[in-house]
Amino acid sequence: MSITIRNTYGTAHHVSETNPAHVTSCDRYRLPLVGTIAPGNPGYEDMVEMLRETGHDTRPEGYGLIFLESEEFSATYFGAIAQIEQYQRESAVGTATFDASQGVTYAQWPHGKGWDDFLPIVFWNQVQRGGIADGVGLVTAFAHTEIPGAEVIVYEFEGKWLPGSQPQQKVTYHCTGCHLDTFHDSGHVHENSGPSSRRWAARQARQHLISAHRDGVGGTNSACRPNNGEMLRAVNAVAREMWGTTGTALPDTDDAYCATKGPCSIIRELRAGVRPPTYRA
């Protein structure tokens, strides 16, 4: 299937030749975390097991680590402790360079025993980088391939699974062509626990576009199915009958409803640099 997914926000990524939803790398990364691990550190033996399994456990003194991240991809570099300590010194004065050929790089950030306690949660949007709040803001966006002017937008936000529950940092996507609220589509809203959460949300956004291209907008098997306000008009009709009124209780188009009560209301605030209220509070 031939489809080109174009960014309207964020960094373009390289994808698999056979699956444009599968991101394989990026040309530019952030380096949000740098550190070292050595024998005797809590969880060290579990943390280096991945290196042993691939024949890369070659530094008995321990490892210097650099964690790389883009909007849709992440990687972990294992090198010499001395190299990372030099990088940290140079970074403090703005002269740091990073030669990845001196060590080994693995796709994604590790997880599991040792790593889950070692790695903090890192959001894409951060106050220290000029963000509205930590974990609140746009991540990336793609032009809709079938609906001119529409986008599929990946964003971090604060929301609740249920009214009365505690707010959580979440990440999801939204299509401005069909206005599907991903809270109503199981498995499409994720706890924003790190790069893997954002990678998965972006992958689902890409899959949404692929489905629209393959199955058609509004197609029976398509993920992109505009409702055209049908449900809103039905609710308004019932409300008028119950209350004996002539007005509308809700906006009678999907785009108008989404702009005031749905994901588009969040995205509008994020684009304006305003922290939106907790979604579904």
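- Pairing each heavy atom of A75 with each of T105, the nearest pair is CB-CG2, 3.8 Å.
- R206 places no side-chain N or O within 3.5 Å of a backbone atom of H22 that could act as its donor or acceptor partner.
- Shown here are the side-chain hydrogen bond (donor to acceptor under 3.5 Å, both in side chains) partners of T11, two or more places apart in sequence or in another chain: E71.
- Here the side chains of I210 and I5 are in contact, with some heavy-atom distance below 4.5 Å.
- If you take SG on C175 and CZ on R225, they are separated by 11.5 Å, rounding to the nearest 0.5 Å.
- R199 places a side-chain heavy atom less than 4.5 Å from the side chain of V23.
- Legend: residues meeting side-chain contact (heavy atoms from CB on, under 4.5 Å) with A133, ordered by chain and number and at least two apart, are V136, R275.
- A salt bridge links R52 to E45: at least one charged side-chain nitrogen sits closer than 4.0 Å to a carboxylate oxygen.
- Nearest heavy-atom pair, A205 versus Y173, reported as atom, atom and distance to 0.1 Å: CB-CB, 3.8 Å.
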Please tabulate, for the side chains in residues 110-122, all donor-acceptor contacts under 3.5 angstrom to protein atoms that are two or more places apart in sequence or on a different chain.
from : atom 1 : to   : atom 2 : distance (Å)
W115 : NE1    : M47  : O      : 3.2
D116 : OD1    : G112 : N      : 3.0
D116 : OD2    : G112 : N      : 3.4

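- The distance from atom CH2 of W200 to atom CD of E72, rounded to the nearest 0.5 Å, is 13.0 Å.
- Distance CD1/I66 to CG/L31: 5.5 Å, rounded to 0.5 Å.
- L209 approaches F142 most closely through the heavy-atom pair CD1-CB, 3.6 Å.
- Among F67, F73, Y29, the one residue that satisfies the ring-ring contact (aromatic ring centres under 6.0 Å, His included) test with W109 is F67.
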Next on the checklist: Quick one, S265 with T260, criterion side chain to side chain contact (heavy atoms under 4.5 Å, CB included). Give me CA distance, side-chain angles, the key distance, then yes/no.
Outcome noted: CA-CA 5 Å; S265 67; T260 55; 5.9 Å; no
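- Note on L180 and I267: separate hydrophobic clusters, where clusters join Ile, Leu, Val, Met, Phe, Trp and Tyr whose side-chain heavy atoms are under 4.5 Å apart, directly or indirectly.
- There is a side-chain donor-acceptor pair under 3.5 Å between D181 and Y279.
- Considering only heavy atoms from C-beta on, H208 stays 4.5 Å or farther from H174 through its side chain.
- Under the 4.5 Å side-chain criterion, counting only non-hydrogen atoms from C-beta, C264 is in contact with T176.
- A distance-only check finds no donor-acceptor pair linking the side chain of S222 to the backbone of D215 [under 3.5 Å].
- Note that CG of D134 and CD of E158 are 9.5 Å apart. Values are rounded to the nearest 0.5 Å.
- Put simply, the side chain of S197 gets close to the backbone of E191: a donor and an acceptor are under 3.5 Å apart.
- A side-chain hydrogen bond (donor to acceptor under 3.5 Å, both in side chains) with N192 holds for exactly one of Q169, E156, K170; it is E156.
- Taking both residues in full, the closest heavy atoms of L138 and W124 are given as O-CD1, 4.0 Å, listed atom of the first, atom of the second, then distance.
- The minimum heavy-atom distance linking C224 with C178 is given by the pair SG-CB, 3.7 Å.
- Considering T182, V171, T172 in turn, V171 is the only one that fulfils the side-chain contact (heavy atoms from CB on, under 4.5 Å) rule with H190.
- Among residues at least two apart or in separate chains, ring-ring contact (aromatic ring centres under 6.0 Å, His included) pairs with a member in residues 79-105 are Y77-F98.
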Checklist entry - Should K160 and T278 be marked as a side chain to side chain contact (heavy atoms under 4.5 Å, CB included) after you check the CA-CA gap, both sets of side-chain angles, and the distance that decides it? => result CA-CA 7 Å; K160 295 183 176 183; T278 299; 4.0 Å; yes
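- Taking the side chain as every heavy atom from C-beta outward, V217 and H144 approach each other to under 4.5 Å.
- The OG atom of S196 sits 9.5 Å away from atom CD of E69, with the distance rounded to the nearest 0.5 Å.
- The number of heavy-atom neighbours closer than 6.0 Å to CD of Q166, taken from other residues, nucleotides and ligands shown, is 12 or below.
- Side-chain contact check for H13 versus C26: some heavy-atom pair is nearer than 4.5 Å.
- Not one N or O on the side chain of R59 forms a donor-acceptor pair closer than 3.5 Å with the backbone of I81.
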Checklist entry - How far apart are the C-alpha atoms of D27 and H14, what are their side-chain angles, what is the distance that settles it, and do they pass the side chain to side chain contact (heavy atoms under 4.5 Å, CB included) test? => result CA-CA 8 Å; D27 291 335; H14 303 291; 2.8 Å; yes
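- Evaluation of the side-chain contact (heavy atoms from CB on, under 4.5 Å) rule for Y106 yields M50, L51, T54, H56, F78, V104 as partners, not counting sequence neighbours.
- Summarising the geometry of Q204 relative to G187, their closest heavy-atom pair is NE2-O, 2.9 Å, with the distance given to 0.1 Å.
- The stretch residues 81-105 participates, sequence neighbours left out, in no salt bridge (Lys or Arg N to Asp or Glu O under 4.0 Å) pair at all.
- The structure places CD1 of I132 at 7.0 Å from CG of N125, a figure rounded to the nearest 0.5 Å.
- When side chains are defined from C-beta on, W161 counts as touching V189, because their heavy atoms get closer than 4.5 Å.
- Side-chain atoms of P263 and Y155, non-hydrogen and from C-beta on, do get closer than 4.5 Å to each other.
- In the hydrophobic cluster analysis, where Ile, Leu, Val, Met, Phe, Trp and Tyr join through side-chain heavy atoms closer than 4.5 angstrom, L33 is grouped together with V48.
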